[in-house]
K.L.:
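Pasting a structure below so you can have a look.
Only heavy atoms go into these numbers, but all of them, side chains included; no hydrogens, no water, no symmetry mates. So that the names make sense, note that chain A is the first sequence line, chain B the second, and so on, each numbered from 1.
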Amino acid sequence: MKDKFYITTAIDYLNAEPHIGHAYQKIVADVLARWNKVLGKEVFFLTGSDEYGQKVAKTAQEKGVTPKQLVDKLSKKFKQEWKSLDVDFDRFIRTTDIDHKKKVKEFVRLMEKKSDIYKGEYSGKYCLGCEAYITEKDLVKGRCKFHPNKELKELKEKGYFFKLSKYQNKLLELYEENPNYILPKFRRKEIINRVKEGLKDLNITRSKFDWGIKFPIDEKYVLYVWYEALLNYITGIDWPNEKFKKFWPANVQLLGIDNGWFHCVIWPAMLMSVGIKPANTILINGFLTFNGQKISKSLGNAISPTDLVKKYGSDSIRYFVCRNFVFGQDGDFSERALVQRHNDELANKLGNLVSRVSGLIEKNSEEKCENKLLKKLNEKKIEKLFENYEFDKVLNEIFSFIDVCNEYVQNKKPWETSRKPEVSSSSFLEKERKNKKVLYELKESILKIAELLWPFIPESSEKIKKQFSAKKIKKGEILFKKIDI
RNA sequence: AGCGAGAUGGAGCAGUCUGGAGUGCUCGUCGGGCCCAUAACCCGGAGGUCGUGUGGUUCAAAUCCCACUCUCGCUACCA
């Protein structure tokens, strides 16, 4: 039986337009999904949108539409964005999907049976401006930082709680026994330290608005969005049925650090409560700035990924975000840097290699032989780097080999026998044969490069594969046109 | 305030876990080669006391320990 690989991304909250930060994560997930396909695994890739909650309701109200109208429009948009970047997911789950809602309710009942839900009271500082409870970090001089003119009210509210505190030690054991449960390592440390500071029970119901999934035990309430949204990772593969049994636990759950607490603490605790194993790895990506600025609605610099695709092409964007950033750390999506990498690496190195070799083969043809050139490629190293999510180094390794190939052309000078003399001497024939062998080595190497690059730049890789596996190899169109700065 | 990350030639980064000549990559810059190719490709050079301490450990520190400075991230019931 084939090995399976199940990968999920954070599902995006639909109160704003998609931007490159969202896209980065989806691209990385797609790269991992494709790489595992290359390895021969059966892959399931889940992404989607998080659609309930107060903020969506509020945004909809401001825009004069119903929450449903808002999320229908936005979820469609997010989905299209990912398609334009060749993100090839298997399901796009929406938390308003009927099967999700149904299964969430089943999950709540199961948790209740395990006696992990109780009725209690939540108290906190409520800001009338935000229409929400305010946390410590948003307090400035005892006032809400967004609404410093409004009073904060100490409010108490009845609700249903999940016994999160009960799982503190079990969670710490989980982290301890599985050093790769949270990656990168510095994020793991962060979470462990915070869990050690102590866990409070979690209020999983809301009563001040109704845009949510009804709490099945007491329908006066709707479920807290996070509680319900996290469950998408199992409802999306038809928990508790066949597909779930096949794909769970997820191999990789990818998310941004803003969601880290929920995914690394609350989510595994929820699963422990009902007796489901947590995922193998929670993988946390860094945040991107755009041309040196924070991406935010108020700055108005949230350029849509599709617009970037129109400007630079999907492959170049995918290549850039994987090559330019150390995975896990924050990075700057600088258009200047993107253009530079596109021109220097994709066009001048890869594109030019493909161009010169295909042209040479068209003129000189090739002859099969032992491939000494390809032996210089360290595939084991690449696999290892992939396992560690070091995408920048994977690409570095592949491009070093591209350099080796360009150097090989340079040193072997296979163009020297392109023009035949009137009378072919035996030394010429011998040389010609040597050159044909050189070209064969190069052809095979380029095919290998295309295979390795496919997870990153699927469109161009497929073009290269097609071009170089044809019976008569011809010099094709330019693969990456240079972009003027 | 707590926890965490970072400071490396002109720019941007690896390298630090596991100490071994400042090693490497991309860009820029200077010089040479090649003419198959997208004015692309290849080779060589210049340029850094690795944030500060004239701190500690060591035969040896960018790397380990200590102190300090600056920058950034996270700190759950809006998401």
K.L.:
Paired stems touching RNA chain B, three or more consecutive Watson-Crick or G-U pairs with both distances under 3.5 Å?
P.N.:
B:1-7 with B:69-75, B:10-14 with B:23-27, B:29-33 with B:41-45, B:51-53 with B:66-68

K.L.:
Please work out which residues in residues 394-407 of chain A have a non-hydrogen atom less than 4.0 Å from an atom of RNA chain B and list them by number.
P.N.:
A:Asn396, A:Asp403, A:Asn406, A:Glu407

K.L.:
Roughly how far apart, to the nearest Å, are B:C17 and B:A76 at atom P?
P.N.:
34 Å

K.L.:
Mind checking what makes ring pair (Phe, Tyr, Trp, His ring centres under 6.0 Å) contact with A:Phe209, not counting sequence neighbours?
P.N.:
none

K.L.:
What pairs with A:Lys311 under salt bridge (Lys or Arg N to Asp or Glu O under 4.0 Å), at least two apart in sequence or on another chain?
P.N.:
A:Glu335

K.L.:
Determine the contact category for A:Lys363: base if any of its heavy atoms lies under 4.0 Å from a base atom, sugar-phosphate if only primed atoms, P, OP1 or OP2 are that close, otherwise nothing.
P.N.:
sugar-phosphate

K.L.:
Can you sort out the partners of A:Tyr160 under ring pair (Phe, Tyr, Trp, His ring centres under 6.0 Å), two or more places apart, ordered by chain and number?
P.N.:
A:Phe215, A:Tyr221

K.L.:
NA contact type, A:Gly198, heavy-atom cut-off 4.0 Å: base, sugar-phosphate, or nothing?
P.N.:
base

K.L.:
Less than 3.5 Å apart, any donor N or O on the side chain of A:Arg356 or A:Asn406 sitting next to an acceptor on the other?
P.N.:
yes

K.L.:
P atom, B:G19 versus B:C25: distance in rounded Å?
P.N.:
24 Å

K.L.:
What is the nucleic acid contact for A:Leu479, judged by heavy atoms within less than 4.0 Å: base, sugar-phosphate only, or nothing?
P.N.:
base

K.L.:
Side chains of A:Asp116 and A:Tyr167: any donor to acceptor distance under 3.5 Å?
P.N.:
yes

K.L.:
Only one of A:Tyr312, A:Phe325, A:Tyr24 passes ring-ring contact (aromatic ring centres under 6.0 Å, His included) with A:Phe320; say which it is.
P.N.:
A:Phe325

K.L.:
Please give the distance between the P atoms of B:A37 and B:U26 as a whole number of Å.
P.N.:
25 Å

K.L.:
A:Gly351 near the nucleic acid: base, sugar-phosphate alone, or nothing, with a heavy-atom cut-off under 4.0 Å?
P.N.:
base

K.L.:
Just to verify, what does A:Lys448 make a salt bridge (Lys or Arg N to Asp or Glu O under 4.0 Å) with, not counting sequence neighbours?
P.N.:
A:Glu379, A:Glu451

K.L.:
Counting only side-chain nitrogens and oxygens, does A:Lys475 get under 4.0 Å of the OP1 or OP2 atom of B:U38?
P.N.:
yes

K.L.:
Looking at B:C74, B:C41, B:A37, which one has an atom nearest to any side-chain atom of A:Arg194?
P.N.:
B:C74

K.L.:
What does A:Glu416 touch in the nucleic acid at a heavy-atom separation under 4.0 angstrom: a base, only the sugar-phosphate, or nothing?
P.N.:
nothing

K.L.:
Taking only the C1' atom of each, what is the distance from B:A46 to B:G32 in whole angstrom?
P.N.:
15 Å

K.L.:
Here's a test for you: under ring-ring contact (aromatic ring centres under 6.0 Å, His included), which of A:Tyr227, A:Trp226, A:Tyr233 qualifies with A:Trp267?
P.N.:
A:Tyr233

K.L.:
Mind checking whether A:Arg323 and A:Phe456 have side chains closer than 4.5 Å, heavy atoms only?
P.N.:
no

K.L.:
May I ask you to evaluate whether A:Lys58 reaches the phosphate of B:C78, defined as a side-chain N or O under 4.0 Å from OP1 or OP2?
P.N.:
no

K.L.:
OP1, OP2 of B:C41 versus side-chain N and O of A:Tyr408: anything below 4.0 Å?
P.N.:
no

K.L.:
Which part of the nucleic acid, if any, lies within reach of A:Val225 when heavy atoms closer than 4.0 Å are counted: base, sugar-phosphate only, or nothing?
P.N.:
sugar-phosphate

K.L.:
For A:Tyr13, which contact category applies under a 4.0 Å heavy-atom criterion: base, sugar-phosphate, or nothing?
P.N.:
sugar-phosphate

